[in-house]
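Beneath this line is the structure, given in structure tokens, with notes to follow.
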Amino acid sequence: MFAYKPKSFLLSLPKHISNSQIFLANSNSQLSPPLSSLPPRPSIPQTKQAHAQIIVSGLAADSPLISHLLCFLALSPSTPFHYSLSLYQSIKYPSVFATNNMIRCFAKSDSPPQSLLLFSSMLRTCVKPNNHTFTFLLQACSRALALNEGAQVHTVAVKLGFGGYVFVRNALIHLYCSCSRIECSKRLFEENASSRDVVTWNSMLTAFVRDEQIGAAEKLFEEMPERDVISWSTMISGYVQNGRLGEGLECFKQMREKGMRLNEATLVSVLSASAQLGLLEHGRLVHSLVESLNFPLTVSLGTALIDMYAKCGCIEQSKLLFKNMPKKDIWTWNVMICGLASHGIGKEALALFQRFIDEGFHPVNVTFIGVLGACSRAGLVSEGRRHFKLMTEKYSILPEMEHYGCMVDMLGRAGFLDEAVQLIEKMTVPPDPVLWATLLGACKIHGSIELGEKIGKKLLKLDPTHDGHYVQLASIYAKARKWEDVIRVRRLLVEQNTNKAAGWSLIEAQGTVHKFVAGDREHERSLEIYKMLEKIGIRIAESGYSPNVSSVLHDIGEEEKENAIKEHSERLAMAFGLLVTGAGDCIRIVKNLRVCEDCHEVSKIISRVFEREIIVRDGSRFHHFKDGKCSCLDYW
DNA sequence: TTAGGGTTAG
């Protein structure tokens, strides 16, 4: 049998396991509602009550009885191991059953390596390990990402003849996959083709997914003799985690067509895909499934729903769900803070962050991406500076590129260009060109030609294949009416043969997703769409609109430039939205790039002239257009 | 008398 060769075959000598006081019942006993599919587990207070009765009845020396209590604790969702250990230590001659359960308690605790120490001491007694022992031990190694220790356990399991047990082998596949040793998982999987069960296949599927080998995962999924809900969930999450969102949703569709039962993990992954794609109708469908199938609103599911609604433009729905969540964890708070930030509701995001702190949570890097993003999008400069300081000084969180990105964006937009430059120059890691590009955009807004030129030249050196830098630099020159420089940069752009990122916009209508690119004429209702565009053009011109062509960088005349922006993907999506939705309905659009100045202006006018609310999620944030105004207050 | 695999935030 294959065995990963560990660096050392010697397990650490067992340390003396000290007596611990019985864990006192001061923990939060309000557990999340149990999943309907799971059998009820005895809670820790219930186990303690039973323990007290055993002591009062004079049966505390009855080791099988105490072992059963230990087993209950091992089955509880989260057990501080001190109490389990005190029970275990009260057994004079622990059986393999009692020891296995103690190993399992350690494996589930915050100190999984303790189970290895117990195993070491077990090896020196007359109590012999069995197949259960190795399953729990390997689980502990996987949780601790302890590759060497796991490999030693692997060796012992093989030596003692337990290597062929399917539970042990599956635990090994899982261990090597958790420790990024996929080749070891694969060898174990291939070696035992005749004795695989569905968990063996699922473990290998997970290994491929985690290693981003989606092709291999797809092939394995096809070959599986039997697929259960976990096989489907793994495949769906594999697609979603690797950005193949449409395929994830298609896989979910197939799963439902096959009549498979759904579970929490399936729904969370599918909600994530709906959120990332901004598909509100799909997300709502999943929400209705959650309700019709009577899924309890667990922390994960509730958080995924909050995120979905926020990313699909329904921030009020997110807020309502957040308010009604019976239990929240750090993910829930982070999702809500980031959601408010993306909608530009900066002050509420900051107030929520304060509540989060007041409730005793400890912020993490993502929390501050939300907080700083909120400050940036709402122009809350002094709050942003204060929180950046708080993050580094009070919470000792090292700023990452994203944090710097928020700060540079915030300072740049507000006109603190020198401060932004100083911040970038003070960075201890090399700045991502995106930071300079952000600042270049700010130079354009504030007409800082000199600094913009300096940054633009720097960027062309750092990242010559990015077309956006040429476009920004040329627009800075254009703003300064330096036409020769505009022509020069434009020539450079052509010579570099860069690939301009194709802009697209999505709109959902009657369960179908419609995708448009600029100048698109592929849609089956293209003729009607272009007629609607003309109608829009006439109506907005009547209300005094004149086009802003500064975002167009082609060697074409003004009229052609006007046509080019008129056919931007979001204009086509908006025209289609006006065609397919009823009077007064909200139009929701998801765009991959940032909305250009002219489209932003036009969207405001359309919202007033056509009396429609238009919600656009662009590459950076949400814009809610209503009555001729945008929620971003033209600050984006 | 005890077992394994899948999920979420920028």
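Remember, it's a predicted structure, so these values are computed and weren't measured experimentally. Here is the naming used below: chain letters follow the sequence lines, and residue numbers restart at 1 for every chain.
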*d(CZ, A/F106; C1', B/dA3) in whole Å*: 18 Å
*Checking all strands, does A/Q139 fall into the base, sugar-phosphate, or nothing category for heavy-atom contacts under 4.0 angstrom?*
sugar-phosphate
*Nearest to the side chain of A/S269, which nucleotide is it out of B/dT7, B/dT8, B/dT2?*
B/dT7
*Has the side chain of A/N130 got a donor or acceptor atom sitting under 3.5 Å from an opposite partner on the base of B/dT2?*
yes
*Could you tell me whether A/K186 and A/E183 have a side-chain N and a carboxylate O separated by less than 4.0 Å?*
no
*May I ask you to say what A/V168 touches in the nucleic acid, namely base, sugar-phosphate or nothing, with a heavy-atom cut-off under 4.0 Å?*
nothing
*Of all the choices, B/dG10, B/dA9, B/dT7, which nucleotide is nearest to the side chain of A/S272 once you look at every atom?*
B/dA9
*Between B/dA9 (C1') and A/Y309 (OH): distance, integer Å*: 18 Å
*Tell me what A/R227 touches on the nucleic acid: a base, only sugar-phosphate, or nothing, going by heavy atoms under 4.0 Å.*
nothing
*Can you check whether A/K311 has a side-chain N or O nearer than 4.0 Å to OP1 or OP2 of B/dG10?*
yes
*asked:* Go through it in stages, so that I can follow the logic: the residues are A/E223 and A/K219, the test is salt bridge (charged side-chain N to carboxylate O under 4.0 Å, His left out), and I'd like the CA-CA distance, side-chain angles, deciding distance and then a yes or no.
replied: CA-CA 6 Å; A/E223 288 169 5; A/K219 191 166 172 280; 3.1 Å; yes
*Would you classify A/V335 as touching base, sugar-phosphate or nothing, given that sugar-phosphate means primed atoms plus P, OP1 and OP2, and contacts are heavy atoms under 4.0 Å?*
sugar-phosphate
*Between B/dA3, B/dA9, B/dT7, spot the one nearest the side chain of A/V364, thanks.*
B/dA9
_Whole angstrom value for the distance that separates P of B/dA3 from CZ of A/R143_ = 18 Å
*Counting any heavy atom closer than 4.0 Å, what does A/S233 reach on the DNA or RNA strands: base, sugar-phosphate only, or nothing?*
base
*Answer yes or no as to whether B/dT1 has its base stacked against A/F97, where stacking requires a ring-centre separation under 5.5 angstrom and planes under 30 degrees apart.*
no
*Check whether any side-chain heavy atom of A/T266 lies under 4.5 Å from a side-chain heavy atom of A/W232, and answer yes or no.*
no
*Which nucleotide sits closest to the side chain of A/N365: B/dT2, B/dG10, B/dT8?*
B/dG10
*Give the rounded distance in Å between these two atoms: CZ of A/F162 and C1' of B/dT2.*
14 Å
*Given B/dT8, B/dA9, B/dG10, the nucleotide with the shortest approach to the side chain of A/N334*: B/dA9
*Atom CD1 of A/I66 and atom C1' of B/dT1: how far apart are they, to the nearest Å?*
14 Å
*OP1 or OP2 of B/dT8 sitting under 4.0 Å from any side-chain N/O of A/Q241?*
yes
*A/V366, nearest nucleotide to its side chain (from B/dG10, B/dT8, B/dT1)*: B/dG10
*Quick one: which of B/dT2, B/dG10, B/dT8 gets closest to the side chain of A/C338?*
B/dG10
_With a 3.5 Å distance limit and no angle check, can you tell me whether A/H403 reaches the backbone of A/N365 through a side-chain donor-acceptor pair?_
yes
*asked:* From the set B/dG10, B/dT7, B/dT2, return the single nucleotide nearest to any side-chain atom of A/C71.
replied: B/dT2
*Between B/dT1, B/dT2, B/dT7, spot the one nearest the side chain of A/E264, thanks.*
B/dT7
*Worked verdict on A/I182 versus A/Q213 for side chain to side chain contact (heavy atoms under 4.5 Å, CB included)*: CA-CA 10 Å; A/I182 189 168; A/Q213 294 191 39; 3.8 Å; yes
*Taking N and O atoms by type only, does the side chain of A/N100 place a donor or acceptor under 3.5 Å from a partner on the base of B/dA3?*
no
*Does A/T332 put a side-chain nitrogen or oxygen below 4.0 Å from OP1 or OP2 of B/dT8?*
no
_Nearest-Å distance for atom pair NE2/P, residues A/H387 and B/dG10_ = 19 Å
*Side chain of A/H68 (C-beta onward), nearest among B/dT1, B/dT7, B/dT8*: B/dT1
*Spell out, as yes or no, whether a donor-acceptor pair under 3.5 Å connects the side chain of A/N324 to the backbone of A/L320.*
yes
*Let me know the distance between CH2 of A/W331 and P of B/dT8, rounded to the nearest Å.*
7 Å
*Classify the side-chain pair A/T135/A/Q139 by whether it contains a donor and acceptor separated by less than 3.5 Å.*
no
*asked:* Could you tell me how far apart A/M401 (CE) and B/dG10 (C1') are, to the nearest whole angstrom?
replied: 14 Å
